[in-house]
Novice: 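Structure incoming, see below.
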Amino acid sequence: VQLQAFGGGLVQAGGSLRLSCTASGSILRINAMGWYRQAPGKQRELVAVRTTGTMLTDDSTNYADSVKGRFTISRDNAKNTVYLQMNSLKPEDTAVHYCAAKMRGDSEYNYWGQGTLVTVSS
């Protein structure tokens with residue numbers, strides 16, 4: 001599986017950005033996709049992930065507490081793409097954001113895209 005991320009940039013506090021991540025390759029095995037981020041001097045942390053539902057359940061989402069109410073993760077199956085809409089951005093959101101995918105049966109996110117830098121100025 002290959003993941004290609006787009007959409008980072010520089011924005012003022014309070015502004016918005018949308019990140020996108022397109023998957024290619026063995027996409028039928030993907031069970032979840034999402035975003036992690038790493039700020040300078042800090043560990044990589046989860047931002048938002050979306051897990052594919054089953055025949056009986058809808059997709060589920062999980063957000064870091066720090067972004068709840070501000071960020072929304074969505075997907076377009078036809079484009080094999082997940083999006084992260086980031087609103088009300090804060091300087092503390094500044095980080096390299098990474099797209100990640102988890103395969104069915106795996107417990108970890110083992111596939112990563114290139115990072116895209118999000119910089120929020122105060």
Side-chain angles (χ1 to χ4, degrees):
V1 171
Q2 294 79 45
L3 304 174
Q4 192 164 17
F6 301 94
L10 172 64
V11 64
Q12 287 188 329
S16 299
L17 281 175
R18 189 176 80 157
L19 306 183
S20 63
C21 176
T22 299
S24 60
S26 300
I27 59 173
L28 293 180
R29 293 185 55 234
I30 296 175
N31 178 245
M33 286 182 67
W35 297 90
Y36 284 70
R37 68 186 182 188
Q38 188 167 19
K42 294 187 177 181
Q43 290 188 329
R44 188 177 296 186
E45 63 176 2
L46 179 147
V47 179
V49 294
R50 189 177 186 100
T51 302
T52 302
T54 66
M55 291 179 62
L56 300 177
T57 62
D58 294 332
D59 289 1
S60 61
T61 56
N62 187 28
Y63 294 92
D65 288 342
S66 60
V67 308
K68 284 180 181 176
R70 300 188 296 124
F71 291 11
T72 302
I73 187 169
S74 62
R75 69 172 183 168
D76 184 334
N77 290 336
K79 297 181 179 180
N80 302 322
T81 299
V82 292
Y83 302 97
L84 184 68
Q85 179 65 43
M86 306 183 292
N87 298 329
S88 302
L89 283 161
K90 304 175 181 180
E92 50 263 45
D93 293 318
T94 295
V96 177
H97 286 63
Y98 296 90
C99 177
K102 182 159 64 80
M103 300 297 108
R104 206 172 305 280
D106 290 351
S107 59
E108 301 290 335
Y109 284 81
N110 291 318
Y111 294 87
W112 296 87
Q114 85 284 8
T116 184
L117 177 62
V118 172
T119 304
V120 184
S121 63
S122 56

Novice: For a quick test of reading the model, state the closest non-hydrogen atom pair linking Lys102 to Glu108 and the distance between them.
Specialist: CG-O, 3.2 Å
Novice: Does any part of the side chain of Val47, heavy atoms only, come nearer than 4.5 Å to the side chain of Met86, both counted from C-beta?
Specialist: no
Novice: Just how far is it from atom CG of Leu3 to atom OG1 of Thr81, taken to the nearest 0.5 Å?
Specialist: 10.5 Å
Novice: Does this structure show an ion pair linking Asp93 with Lys90, if we count only N-O contacts that are shorter than 4.0 Å?
Specialist: no
Novice: Are Met103 and Ile30 packed together at the side-chain level, in the sense that at least one heavy-atom pair is separated by less than 4.5 angstrom?
Specialist: yes
Novice: Is Cys99 close to Trp35 at the side-chain level, that is, under 4.5 Å between some pair of heavy atoms?
Specialist: yes
Novice: Taking C-beta and beyond as the side chain, do Arg50 and Val82 meet within less than 4.5 Å on heavy atoms?
Specialist: no
Novice: Any non-hydrogen side-chain atom of Cys21 less than 4.5 Å from a side-chain atom of Met33?
Specialist: yes
Novice: Can you name the nearest heavy-atom pair linking Gln114 to Ala5, along with the distance?
Specialist: NE2-O, 2.8 Å
Novice: Just wondering, do Thr52 and Arg75 contact through their side chains at under 4.5 Å, heavy atoms?
Specialist: yes
Novice: If I compare all heavy atoms of Gln38 with all of Lys42, which pair ends up nearest, and what's the gap?
Specialist: NE2-O, 3.1 Å
Novice: For residues Leu84 and Ala48, report the shortest heavy-atom separation together with the two atoms involved.
Specialist: CD1-CB, 3.9 Å
Novice: What's the shortest heavy-atom distance between Ala32 and Thr51, and which atoms?
Specialist: CB-OG1, 3.7 Å
Novice: Below 4.5 Å, heavy atoms only, C-beta onward: do Tyr83 and Thr72 meet side chain to side chain?
Specialist: no
Novice: Roughly how far apart are Phe71 CZ and Leu19 CG, rounded to 0.5 Å?
Specialist: 8.0 Å
Novice: Looking at Tyr36, is Arg44 sitting on its ring face, NZ or CZ under 6.0 Å from the six-membered ring centre and within 45 degrees of the normal?
Specialist: no
